[in-house]
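These notes concern the structure reproduced below.
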Amino acid sequence: MNSALRHPSPSIRTAKLLIDGKFIDSKSAHWQDIINPATQEVVGRVPMATAEEVEAAIASAHHAFDKWRRTPIGTRARVMLKFQELVRNNIKRIAHTLTTEQGKTLADAEGDIFRGLEVVEHACAIGTLQLGEFAENVATDVDTFTMRQPIGVCVGITPFNFPAMIPLWMFPMAIVCGNTFVLKPSEQDPLSTMELVELALEAGVPPGVLNVVHGGRNVVDALCTHSAIKAISFVGSTHVGTHVYELGSKHGKRVQSMMGAKNHAVVLPDAPREQTINALIGAAFGAAGQRCMAASVVVLVGKAQEWLPDFVKKAKSLTVGSGDQPNTDVGPVVSTRARDRIVGLINAGVSEGATLDLDGRNVLVNGFEQGNFVGPTIFSDVEPDMTIYREEIFGPVAVVVNVDSLDDAISLINKNPMGNGVAIFTRSGAAARRFQSDIDVGQVGINVPIPVPVPYFSFTGSRGSKLGDLGPYGKQVVQFYTQTKTVTARWFDDEDSNAGVNMTIALR
Ligand code: NAD
């Protein structure tokens, strides 16, 4: 906890709890500062909610469920229609808060909100998304149909890197399906998330349907083990995601955990050179590399290895600075701890023998000398057993691996335990088709560096990047947030249709 760093003035913004439709100040004795990563200024404070507050949030959601699940689909959809309008109208304001507490550039902060807004737009289509199935005459006068019913109180636990998009992956779809929700935002940047939550209430989400508690492990563990909780969506690091998955599953919850990554971008020599390098630069260094779908490993195949100097030159041209400055390409990383960790991994790359082609460790930004900056960093001659290849760096660091053929690239990637995203750059349809078929990674980009699907599809990270069968948003999350009930029904027309006693299991 970094509350000892500064003493914020009493007027400083606090992250409220939302319990039963009311925004309240926590009674907790444990608070954490929310720090602007470009300046180290304290921009707010966040409480570690007490056990009683967590209990009250769950009780409120539990109580609200019975009425909300009976609320007509159209009413629920119209709340989302209003919510999407409010989010759209407030993007710039929320983006400003997001940049202040998270560090990413204003343009990227707007992108963070917009990708979440797309999920809210999709939630408006719940009328067709939540349809059941119907089969007439499965036996004489017997029909069978399914209903997709909400499951109860659901929980969302979100990471720092997308404080708008990832909460918006979760609560809109959960509540539009008729569930109630307890959200636990990242304690590092909860203020922008709370601005979205305020708009959800303004849009008409009734008291108790959406609740928010803040905190760390104690709060998360209380949510994962509470008997009233039916499902948990987690997005964050692999070690916490595994813990949440195991604890929640042990306590009978449905759990989806979207976790860490190591995403490869394969470059074939026939790819369009300029576009490919531009795409790699954006995907490796955008958001200071703090994206779960960042292209952090560049795999140069054959003659594409000659492109390394161009890649380095372009990376050098990026401007590192505060996210609120108009010319900034790469903002600060979220905390001094994150920066120290990234610098430690760069040091490991050097000591393990990789070639450091571009070193971002000592970057200085005029006027923002206290910021957590790491400049774009590139390693080549990287081997799969090096720490910088094995670990998710989660900073603006690209590691370049050389291979001889597409086969070698596929084999390298399929041996990596992570499976969030992958991309290939080529002009060859045949090579791309082979890649999409043989690569064992859940989300594939073809000349698209960050293939995060739009919400008519689902987020389908795989293998070590995911636990649980069903991913966030799209059709899969409707399955995740609902229980299928199947009804088999016979209506007797008159006495004549009585076929007597049926002692078998056959329907007749
Ligand atoms: P994190 O795991 O530190 O935190 C995620 C959430 O878990 C936060 O709400 C946090 O308060 C809580 N938490 C932290 N420590 C905990 C503990 N010991 N016990 C219980 N809960 C705890 O992750 P982060 O640093 O905020 O986010 C970055 C990570 O998230 C990266 O690994 C990134 O790849 C991953 N991520 C994955 C996806 C995906 O879709 N696969 C998307 C975004 C981010």
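Atoms within each ligand, like the ligands themselves, are counted from 1 in listed order.
Qualifying salt bridge (Lys or Arg N to Asp or Glu O under 4.0 Å) partners for Asp385, counting only residues two or more places apart in sequence or in other chains: none. Taking the side-chain hydrogen bond (donor to acceptor under 3.5 Å, both in side chains) definition, one finds that Asn278 meets it with Lys314, sequence neighbours left out. Checked against ring pair (Phe, Tyr, Trp, His ring centres under 6.0 Å), Phe114 has no partners two or more places apart in sequence or in another chain.
Cation-pi geometry between Lys104 and Phe162 is met: the NZ or CZ atom falls under 6.0 Å from the ring centre, inside 45° of the normal.
Rounding to the nearest 0.5 Å gives a distance of 11.0 Å between NZ of Lys230 and CD of Gln483.
Protein neighbours of ligand 1 below 4.0 Å, counting non-hydrogen atoms: Ile157, Thr158, Pro159, Phe160, Asn161, Ile166, Trp169, Lys184, Pro185, Ser186, Glu187, Gly215, Arg217, Val220, Phe234, Val235, Gly236, Ser237, Val240, Met258, Met259, Gly260, Cys292, Glu392, Phe394, Asn420, Phe459.
Side-chain contact, Ser296 with Glu392: no donor N or O sits under 3.5 Å from an acceptor N or O.
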